[in-house]
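Inspection log for the structure reproduced underneath, given as structure tokens.
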Amino acid sequence: DTEVTQTPKHLVMGMTNKKSLKCEQHMGHRAMYWYKQKAKKPPELMFVYSYEKLSINESVPSRFSPECPNSSLLNLHLHALQPEDSALYLCASSHRQGDSDEQYFGPGTRLTVT
Amino acid sequence: AQSVAQPEDQVNVAEGNPLTVKCTYSVSGNPYLFWYVQYPNRGLQFLLKYITGDNLVKGSYGFEAEFNKSQTSFHLKKPSALVSDSALYFCAVRDYRGKLIFGQGTELSVKP
């Protein structure tokens with residue numbers, strides 16, 4: 001099973017709402033990633049978790065709060081977002097951070113902030 | 001700093017013709033290079049990677065890529081394009097922290 005699942009597929013939220021994105025993998029990968037992607041642009045790395053610990057935060061605003069409750073699950077908590085945060089949010093996983101293995105991507109959550 | 005460049009925003013090919021999507025890289029040390037494809041409203045799918053060894057790497061869906069150290073290139077190729085190959089293609093290099101650094105992407109359009 002080489003699947004990364006993400007829920008929900010679509011999310012519309014107001015600027016005062018609090019919502020969460022969820023990502024799950026059962027490949028035994030110990031590195032998990034959040035990316036943000038605008039239309040027709042490359043994904044931009046937001047966070048990396050390695051062995052359930054935050055390893056990289058690419059200077060992401062605090063209105064995005066990641067969480068890794070266990071080795072299979074990755075959440076992204078959203079609060080007080082801005083319209084410019086509307087994008088496709090992609091989760092990915094790999095065996096370990098820093099090795100030569102490819103990252104497997106989920107289908108993404110399409111987020112619209114109104 | 002590691003970087004990759006995809007010099008073409010768009011590539012147009014007729015079905016059945018060979019296709020090439022170009023990528024050049026700039027790294028210190030030995031590069032770990034990847035190609036991903038993204039279909040509309042989908043996540044990225046891994047196609048192939050170069051770590052070490054043979055310069056010609058074979059991947060999924062009949063794609064292959066040639067690593068050329070002297071030209072610092074890693075072009076993606078397919079001998080015979082299909083309409084279903086139409087998608088957005090990203091070249092990427094992995095830095096020492098495991099971060100993927102993507103090129104700007106090339107939109108491939110294959111017409112019947």
Next on the checklist: Tell me the closest heavy-atom pair linking P42(A) and G103(B), and the distance in Å.
Outcome noted: CB-O, 3.3 Å
Checklist entry - By a 4.5 Å heavy-atom criterion (distance strictly below it), what part of L100(B) contacts chain A: side chain, backbone, both, or neither? => result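 L100(B) touches chain A through backbone and side-chain heavy atoms alike.
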Checklist entry - For L44(B), is it the side chain, the backbone, both, or neither that has a heavy atom closer than 4.5 Å to a heavy atom of chain A? => result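 Contact with chain A: backbone and side chain both.
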What about [X] and [Y], same hydrophobic cluster or not, with Ile/Leu/Val/Met/Phe/Trp/Tyr joined at side-chain heavy-atom distances under 4.5 Å?
| X | Y | answer |
| --- | --- | --- |
| L21(A) | M32(A) | yes |
| L78(A) | M15(A) | yes |
| F90(B) | V110(B) | no |
| L88(A) | M13(A) | no |
| V60(A) | L111(A) | yes |

Donor-acceptor pairs under 3.5 Å, chain A versus chain B:
from    : atom 1 : to      : atom 2 : distance (Å)
Q37(A)  : OE1    : Q38(B)  : NE2    : 2.8
Q37(A)  : NE2    : Q38(B)  : OE1    : 2.8
K40(A)  : NZ     : E107(B) : OE1    : 3.1
K40(A)  : NZ     : E107(B) : OE2    : 3.0
E58(A)  : OE1    : K99(B)  : NZ     : 2.6
Q97(A)  : NE2    : R97(B)  : O      : 2.7
G98(A)  : O      : R94(B)  : NH1    : 2.7
G98(A)  : O      : R94(B)  : NH2    : 3.4
D99(A)  : O      : R94(B)  : NH1    : 2.4
S100(A) : O      : K49(B)  : NZ     : 3.3
E102(A) : OE1    : K49(B)  : NZ     : 2.9
Q103(A) : N      : Y36(B)  : OH     : 3.0
Q103(A) : O      : Y36(B)  : OH     : 3.0
Q103(A) : NE2    : G98(B)  : O      : 3.3
R110(A) : NH2    : N41(B)  : OD1    : 3.3

Item to check | Toward chain B: residues of residues 61-68 of chain A with heavy atoms under 4.5 Å | outcome: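 The residues closer than 4.5 Å to chain B amount to none at all.
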Checklist entry - Among G106(A), P107(A), G108(A), P43(A), who wins on heavy-atom pairs under 4.5 Å with chain B? => result P43(A)
